[in-house]
Amino acid sequence: MLKANTNNMSVFIHETAIVDQGASIGEGVRIWHFCHIMSEAVIGDHSSLGQNVFVADKVEIGKRNKIQNNVSLYQGVSTGEDVFIGPSVVFTNVINPRSAISRKSEYRTTIIKKGASIGANATIICGITIGQYAFIGAGAVVTRNVKDYQLVKGNPARPSGWMSRHGHKLGFNASGEAICPGTGERYFLIDDECRPEE
């Protein structure tokens, strides 16, 4: 079993996990049972990978990510800081795969921005961007870009409101203002874009 080059005692790698030589593992990372991290993967500080997570070459995982059980992140996927990926979320990296045709040169980039949450069993079609603090409902099939703070759900996923940074659904008044019930932060809805008060 190969392990990444790390002398950092704050890193935990379960004995059943395989971390290929060369993988970049940040401070305080926790890698649980039966994970496989490939040699060109990058995992940011204080991220946690649950059981049976696969991280392919060239995948970049930001700081403080929580990736739950049974998730495979294929080449082309990149996450920002504080991203939550629920159990059994599915990512793709080719739009029209065929077993007999190699399309490695056609991998599409999928970007998950800071603070976004993806619910259990969601499917993320490659080549899209999920905005900051966006919220993807459980079981959603996401086929297009998701705006910052936007809530989407269903198959195919459709807009269903807006979420605060704290993870609460926002109720906008007629003036386009909303208060996060968890923190009291104010948000504004302008031209179908949600923004927190500066």
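Positions are given from 1, in the same order as the sequence printed here. What you see is a predicted model, and the numbers here were worked out from it, not measured in a lab.
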A.B. asks: Do Asn52 and Asn70 meet the criterion of a side-chain donor-acceptor pair at a distance under 3.5 Å?
C.D. replies: yes

A.B. asks: Please answer: with hydrophobic residues joined when any side-chain heavy atoms are less than 4.5 Å apart, are Ile136 and Tyr149 in the same cluster?
C.D. replies: no

A.B. asks: Got a donor-acceptor contact below 3.5 angstrom from the Ser10 side chain to the Gly28 backbone?
C.D. replies: yes

A.B. asks: Under 3.5 Å, side chain of Asp148 to main-chain N/O of Gln132, donor-acceptor pair present?
C.D. replies: yes

A.B. asks: When you measure from the side chain of Lys169 to the backbone N and O of Ser160, does any donor-acceptor pair fall under 3.5 Å?
C.D. replies: yes

A.B. asks: Between the side chain of Asn145 and the main-chain N/O of Thr129, is any donor-acceptor distance below 3.5 Å?
C.D. replies: yes

A.B. asks: Go through the steps for Phe12 and Trp32 under the test ring pair (Phe, Tyr, Trp, His ring centres under 6.0 Å), then give the verdict.
C.D. replies: CA-CA 8 Å; Phe12 169 80; Trp32 290 96; 4.7 Å; yes

A.B. asks: Quick check: does any side chain N or O of Ser72 sit under 3.5 Å from a backbone N or O of Phe91, one acting as donor and the other as acceptor?
C.D. replies: no

A.B. asks: Under 3.5 Å, is there a donor-acceptor pair between the Thr16 and His14 side chains?
C.D. replies: yes

A.B. asks: Exactly one of Arg64, Lys66, Lys113 should register a salt bridge (Lys or Arg N to Asp or Glu O under 4.0 Å) with Asp82. Which one does?
C.D. replies: Arg64

A.B. asks: Is there a donor-acceptor pair closer than 3.5 Å between any side-chain N or O of Arg186 and the backbone N or O of Glu177?
C.D. replies: no

A.B. asks: Using modelled atom types only, decide if a donor and an acceptor are shared between the side chain of Asn155 and the backbone of Val141 within a distance under 3.5 Å.
C.D. replies: no

A.B. asks: Does Phe135 offer a backbone N or O that forms a donor-acceptor pair with the side chain of Ser117 under 3.5 Å?
C.D. replies: no

